J.: 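Have a look at this one.
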Amino acid sequence: MSEKVRILIAKPGLDGHDRGAKYIARALKDEGYEVIYTGLRQTPDSIVATAIQEDVQFIGLSLLSGAHKELFPKIVDKLKEQEASDIHVFGGGVIPDRDIPFLLEHGVEAVFTPGTPISDVVKFIESVK
Amino acid sequence: MSNKSKVAQEKERWESNVVNKLINKFPERNANFTTGSWMPLERLGLPKDCGEEYFEKLGFPGEYPFTRGVQPTMYRGRFWTMRQYAGFGTAEESNERYKYLLNAGQTGLSIAFDLPTQIGYDSDAEESIGEVGKVGVAIDSLADMEILFDGIPLDKVSTSMTINAPAAVLLAFYIAVAEKQGVTKDKLNGTIQNDILKEYIARGTYIFPPKPSLRLITNIFDYCSREVPNWNTISISGYHIREAGSTAAQEVAFTLADGIEYVRAAIEVGLDVDVFSGRLSFFFNAHNDLLEEVAKFRAARRIWAKIMKEKFQAQNPKSMMLRFHTQTGGSTLTAQQPDNNIVRVAIQTLAAVLGGTQSLHTNSRDEALGLPTEQSVQIALRTQQIVAHESGVANTIDPLAGSYIVEEMTDRIESEVWDYINKIESIGGMVKAIEKGYVQKQIQDSAYRYQKEIESSERIIVGVNKFQTKEDQPEDILEVNPRLREIQSQKIADVKAKRNNEKVANKLAALEAGAKNPDVNLMPLILDAAREYATLGEICNVLRKEFGEYKESIVL
């Protein structure tokens, strides 16, 4: 049997809304993945450092403050700098549809907005792992 | 034996002693109230016949245990305050939005600050990247606050500020702006949220650890009771606990347990319970389950009255009144078919009004997508105005009282709340319960159960897991200027160039010395620094150095 997929769920920026992040973390755990949750107020540097240290294949970013266009691409860039671009980045939160193409162009592989069933997230993980 | 005569006698006593006295000073909105079809409408519906239980559990509006409302005439005297939470971008932009809202008939202001302001960082700090002006207005110093309230007379409006960890600093900015307008502190009306415990539990904008945070809070209680007597010094908030996924009963339980902790902290530093308790206010959520929500508000009033009277031996009835603001439930809004949210908000508005709220914010239909547009905000405000002026529910007090099911739910919520409060007391109080993760765990379990029910379609959310339609999102979602951090940073540089930097350094040194001595009230020292245009970040950094920073206990 192959090793379990490891996923880091992270809260970048100053946003304190963690209901969604904690739900995703717990639901993915229930789906059989190894999940690590960072807690609030993580900088792009600390998220990337944790991801590398914990040897994860995925980073899931959650942000509801509107800072996603600044912060999500920063994390993708830091991964490149650290030669860790093999880690897949996905995101979610309060993200208007019009911002999604921008995020996809900047290395975020999938964006899951509120109301997405967990099965869609699982499908994504299984398709790229 | 019939108790009919007792109800009639008590009603007579209440009307002649309590209601008439009030009406002589503050008349009701109409001399006579009728339904829409001119049927006469009683001020207060009462049972024809009842046992002692009625008087113990319900009583009369404006009297212990306040189940039926905190004021004797409730909305027949005056509607609730319609107070829309607003703020984004720069002080200039937000000032414009406040003037728009006041012109549209709003009766109070409610300030939303951006996250750097809420966490005590200046806009030019590294931590502020991406967040400046996003979820509220960016305030870095008194200079921004002067612009924010430009042309708004602070002796004429009441202002609610959603600010917690640095509440003392923003209150100081507000007082300093008032002074510049020639308005003295005793003329100021408003509220600071100032509720740090729920930040640890659910909202996340904490700075300092619990002990110094509670000191800042009791410093504010003490200072305001002497200097700013009409200010609501805290808004003990269940709103965010509910948003994090709690049940209705958990929302009340954890909020009142936070309240117990604040009252205890204030008594421990020597404050008189009847001096500060009248200025405590509360903040609850209104979700879609109409009857449960109404029962929740009624239960909360009854429990708090008992806590203050029995546990803390308050004597003044004002100390026992749970006065509260309500906001409709942000987490109940859907990004799918956003216009449906107008209907959800209308139901929640009814819940808040039938539950006896003192003020209300109604969410806008597009808040699951981003900041609301002006048109959406107007619909949200109109929703309140329709309930106030057209629905008729404001013309008779506590109209759902006596409904078998509502009274049953009220009792059930009360009993569940006492179980939680007793559990938290047995852990050693709210601070310990948070540090152990007990409260967070209870909320998360409820949140998880709720979301699982949506996933499995046991719980239907219209437009999300049933009745979906293909649609495009509205185009006009408000976007905040991405250059805001630069603009604010320039303003900070200008302030620092213009102010007397030696005076600022002296005031900050005095604050540092005060912070080292737990017997000093920090509020006057913060006000001194604010008047000299010390920035929010400078003031908070002095306190960070002395107090340290809180580290979240992560519970999954």
Side-chain angles (χ1 to χ4, degrees), chain A residues 9-31 35-46 61 63-75 92-100 102 112-122, chain B residues 88 114-116 118-119 121 126-135 199 202-206 240 243-245 330-331 333-336 366-371 440 443-445 447-448 450-452 454-455 461 463-465 468 472-475 477 479-480 482 485 551-556:
Chain A
I9 299 295
K11 287 285 304 172
L14 302 178
D15 174 36
H17 295 91
D18 56 5
R19 178 175 177 172
K22 285 176 165 174
Y23 173 72
I24 288 288
R26 192 157 158 184
L28 290 177
K29 222 175 238 180
D30 283 0
E31 295 286 338
V35 183
I36 302 129
Y37 170 59
T38 61
L40 301 179
R41 291 196 211 166
Q42 301 298 307
T43 61
D45 283 322
S46 69
L61 300 169
L63 197 53
L64 287 78
S65 69
H68 48 272
K69 277 166 80 179
E70 286 89 348
L71 295 175
F72 286 8
K74 265 209 164 73
I75 289 150
V94 174
I95 295 172
D97 285 352
R98 65 163 182 231
D99 292 350
I100 293 174
F102 173 88
F112 302 105
T113 50
T116 311
I118 197 75
S119 55
D120 286 8
V121 184
V122 171
Chain B
F88 62 96
D114 72 356
L115 286 165
Q118 293 189 51
I119 305 175
Y121 293 120
E126 174 86 26
E127 289 86 351
S128 304
I129 292 174
E131 307 279 17
V132 176
K134 284 282 162 62
V135 302
E199 297 295 328
R203 192 166 174 278
T205 69
Y206 42 75
H240 319 88
E243 287 302 283
S331 63
L333 302 179
T334 62
Q336 298 78 5
D366 45 4
E367 287 183 61
L369 306 170
L371 285 174
Q440 298 92 310
I443 297 168
Q444 275 160 39
D445 286 349
Y448 195 68
Y450 177 89
Q451 204 59 39
K452 279 281 163 196
I454 294 174
E455 295 263 357
I461 308 292
V464 174
N465 60 2
Q468 298 100 321
D472 289 323
Q473 266 181 12
E475 289 294 316
I477 303 168
E479 191 167 19
V480 173
R485 186 159 174 271
K551 289 276 165 286
E552 160 188 29
S553 43
I554 294 174
V555 184
L556 265 192

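Remember, predicted model here, so these are calculated numbers, not experimental data. Per chain, numbering begins at 1; letters A, B, ... match sequence-line order.
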J.: Check the pair K134(B) / E70(A) against salt bridge (Lys or Arg N to Asp or Glu O under 4.0 Å), numbers first and verdict last.
T.: CA-CA 12 Å; K134(B) 284 282 162 62; E70(A) 286 89 348; 3.2 Å; yes

J.: Who wins among G245(B), A368(B), A202(B) for the most heavy-atom pairs under 4.5 Å with chain A?
T.: G245(B)

J.: Run K11(A) and E552(B) through salt bridge (Lys or Arg N to Asp or Glu O under 4.0 Å) and show every step you take.
T.: CA-CA 13 Å; K11(A) 287 285 304 172; E552(B) 160 188 29; over 6 Å; no

J.: Please test D30(A) against Y448(B) for side-chain contact (heavy atoms from CB on, under 4.5 Å), starting from the C-alpha separation and ending with a verdict.
T.: CA-CA 11 Å; D30(A) 283 0; Y448(B) 195 68; 2.3 Å; yes

J.: Quick one: which of I95(A), L63(A), L40(A) has the most heavy-atom pairs under 4.5 Å with chain B, could you say?
T.: L40(A)

J.: Of the listed residues (G204(B), G370(B), G130(B)), which shares the most heavy-atom pairs with chain A below a 4.5 Å separation?
T.: G130(B)

J.: So which residue, G463(B), A244(B), S128(B), P482(B), ends up with the most heavy-atom pairs under 4.5 Å with chain A?
T.: A244(B)

J.: So which part of Y206(B) gets closer than 4.5 Å to some heavy atom of chain A, the side chain, the backbone, both or neither?
T.: both

J.: Would you mind checking which part of E455(B) comes under 4.5 Å of any heavy atom in chain A, side chain (CB onward), backbone (N, CA, C, O), both or neither?
T.: side chain

J.: Using heavy-atom distances under 4.5 Å, tell me whether D15(A) contacts chain B through its side chain, its backbone, both, or neither.
T.: both

J.: Kindly indicate whether the side chain of P96(A), heavy atoms from C-beta on, has any atom under 4.5 Å from the side chain of L369(B).
T.: no

J.: Any Lys/Arg nitrogen of D18(A) or R203(B) sitting under 4.0 Å from an Asp/Glu carboxylate oxygen of the other?
T.: no

J.: Could you tell me which of V94(A), D99(A), L64(A) has the largest number of non-hydrogen atom pairs under 4.5 Å with chain B?
T.: V94(A)

J.: What distance do E126(B) atom CD and D45(A) atom CG have between them, rounded to the nearest 0.5 Å?
T.: 8.5 Å

J.: Contact part of L71(A) toward chain B, heavy-atom cut-off under 4.5 Å: side chain, backbone, both or neither?
T.: side chain

J.: Taking ring-ring contact (aromatic ring centres under 6.0 Å, His included) as the definition, give me every residue that meets it alongside Y450(B), ordered by chain and number, with sequence neighbours left out.
T.: none

J.: Check whether S331(B) gets within reach of chain A through its side chain, its backbone, both or neither, counting any heavy atom under 4.5 Å.
T.: side chain

J.: For chain B, which candidate among K22(A), R41(A), K29(A), K69(A) shows the most heavy-atom pairs at distances under 4.5 Å?
T.: R41(A)

J.: Between E131(B) and S65(A), which heavy-atom pair has the shortest distance, and what is it?
T.: OE1-OG, 2.7 Å

J.: So how far is it from I554(B) CD1 to T38(A) OG1, rounded to the nearest 0.5 Å?
T.: 6.5 Å

J.: Surrounding NE2 of H240(B) (heavy atoms of other residues, nucleotides or ligands, distance under 6.0 Å), is the total greater than 12?
T.: yes

J.: Taking side chain as C-beta onward, heavy atoms only, is Q444(B) less than 4.5 Å from R19(A)?
T.: no

J.: Where does V555(B) contact chain A at under 4.5 Å (heavy atoms): side chain, backbone, both or neither?
T.: backbone

J.: Out of R98(A), K74(A), H68(A), return the one with the most heavy atom pairs under 4.5 angstrom to chain B.
T.: R98(A)

J.: Cut-off 3.5 Å, no hydrogens considered: what does the side-chain donor-acceptor table look like for residues 112-122 of chain A, sequence neighbours left out?
T.:
unit_1: T116(A); atom_1: OG1; unit_2: T113(A); atom_2: N; d: 3.3
unit_1: T116(A); atom_1: OG1; unit_2: T113(A); atom_2: O; d: 2.4

J.: Can you say whether E199(B) sits under 4.5 Å from chain A via the side chain, the backbone, both, or neither, judging by heavy atoms?
T.: neither

J.: Carefully, step by step, assess E127(B) and T43(A) under the rule side-chain contact (heavy atoms from CB on, under 4.5 Å).
T.: CA-CA 8 Å; E127(B) 289 86 351; T43(A) 61; 6.0 Å; no

